[in-house]
Number of protein chains: 2
Amino acid sequence: MTIQLHCFGESGNAYKAALALQFSGLDWEPVYVDFFNGATRARDYRDTLNNMGEVPVMVDGPVKLTQSGVIQQYVSEQSGKFGGTTPEDAREVMRWMFWDNHKLSSQAGMTRFLMNFLPEAKRPSEVIAFAQGRLKAAYDVLNTHLEGRDWIVGDSPTNADLSCCGYLYYPEPFGFIRGDWPHIDAWLTRLSQQPGWKHPYDLMPGSPADRV
Amino acid sequence: MTIQLHCFGESGNAYKAALALQFSGLDWEPVYVDFFNGATRARDYRDTLNNMGEVPVMVDGPVKLTQSGVIQQYVSEQSGKFGGTTPEDAREVMRWMFWDNHKLSSQAGMTRFLMNFLPEAKRPSEVIAFAQGRLKAAYDVLNTHLEGRDWIVGDSPTNADLSCCGYLYYPEPFGFIRGDWPHIDAWLTRLSQQPGWKHPYDLMPGSPADRV
C-alpha cells in the first residue's frame, strides 16, 4: 500500500515528513492540499483529516497521523532509520525535534508567510522584526551546535536534521541568510547531497510559481 | 537517587516536567534557576546544563535531559504513566505534545512574558495583539477537542494534558480567559483535582511575588 502524504510545496512542516519518507525508501506519494484557497480551513478537512487544520497528514492504510514530528517517528518505526541508534541518541533526536517545533520552524514558517504570502499592505512590520530577532537566537544555537559536527545527533542524518532544515532551503526571504551561519550552511549542503534529496518545490506539489 | 529538575516558578515549560514528576510518584526535587537575573544566559549554564539556554533541565544520576517533552517521555518510561496505553494512543499523545510546543505553549509563554515581565514601556503592542490572535485559534482547537472528553487522549491524564496545561493556570493576564473556553475550563479544573496536583508557584521555587 502506498503511503499518502497530504501536503503542499510551501509548507516546511510538510517538507520534514516528505523528506523523511523520501530518504526512508518507503513507498509514498504526495496528495496536494490547496492551502492558499482555504483547503485546511474547510469543515470537511478538519472533520476527516485533521482537527488541528494543518498539513501534513499521513495516511497509511488504517493509520492516519498528523504533526510532522509524529509522522517522522512513524517513518523511523517502519524503516529503522533516522531515530538515533542508542536510547541516548533517540532522546537527543527528540530534543532537537521539540526545540525545532518550539523555537525554529514555528517562527521561521510564520515569518516567511508574513513576509511573502500576505499582501504587502497587510504585513505587520513590528511582528516580523520581533520574530526575526527570536530567530537569530535560534540560528545561533543551531550554528554553534553544528560547529565540528556533520549532523545534529550522531554520525548520520536523523529526524533532528530533517526537522530543523524544514524551512531553511526555501528561496523566499524571511531574514535567514545562509552565509551568516557557516556551520548551518555547510550542514544544509551536506544534507542536500544525500541520495534522493529534493528541494521542497520538487518534492511536493505546489509552489509560488503556480500562483503568479 | 533523587531526580533534580532545574526550573523556576514562572516557566510553564518547566511546569510540564515538574507536574509529570509530581504525578509520577518518582523521587524528585526542584533546583532553582535565577532566570530573571540571567542564569540561563550565562556561559556556564550553557556549557554544563543546556546549550539551548532554557529550562527545564532534568538530572537523574548520569542522565541529563532538556526540553519538557523529552523529560515527560523519560518520566513515562520510568513510571509507566502518562504515555498512552496503546501504540495509537502513544502517537496521539505525541501529536498533542508537538502541537502544544508549536502552537500553544510557545505563543502563550511568549505573550505572557511580554505582557507581564517586560517593563511597560518596552511591551510591543502589535506583537502581543498578533500572538493573541494566533492563540485564540489554538484555544479553539483545544476547546473543541475537549468537548465531550475528560482528557485529551484516552480516559486518564497523559503527557498531552500535562503539556497543553503548561501556561494555563498562571494568574498573570495574557489574553486567556478560562470562562471563554468552557471545555478547557472544566478540563483544567479536573486536572487540578488529581491527587498531588499543585499550582506552578507552589510546585516550583520562584514567583513574581519574590521580585516585588
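Sequence lines set the chain letters: A, B, ... in the order given, protein chains first and strands last, and positions in each chain run from 1. When reading the values below, keep in mind they use all heavy atoms of this one structure, side chains included, and skip hydrogens, waters and symmetry mates.
Counting heavy atoms from C-beta outward, B/Met52 and A/Lys103 have side chains that stay 4.5 Å or more apart. At a threshold of 4.5 Å between non-hydrogen side-chain atoms, the residues A/Asn101 and B/Gln67 do not count as touching.
Taking 4.5 Å as the heavy-atom cut-off, none of the residues of residues 149-166 of chain A approach chain B. The stretch residues 110-130 of chain A places A/Met110, A/Leu114, A/Pro124, A/Ser125, A/Glu126, A/Val127, A/Phe130 near chain B, each with some heavy atom under 4.5 Å from a heavy atom of that chain. At a heavy-atom separation below 4.5 angstrom, chain B is approached by A/Arg91, A/Met94, A/Arg95, A/Trp96, A/Met97, A/Phe98, A/Trp99 within residues 86-99 of chain A.
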Residue pair A/Asn13, B/His102: steps toward the side chain to side chain contact (heavy atoms under 4.5 Å, CB included) verdict: CA-CA 11 Å; A/Asn13 290 314; B/His102 201 125; 3.5 Å; yes
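Within the structure, salt bridge (charged side-chain N to carboxylate O under 4.0 Å, His left out) pairs that include any residue of residues 131-140 of chain B do not occur (at least two apart or interchain).
In this structure, no portion of A/Asp100 lies under 4.5 Å from any heavy atom of chain B.
Among A/Leu65, A/Val70, A/Val63, the residue with the largest count of heavy-atom pairs under 4.5 Å with chain B is A/Val70.
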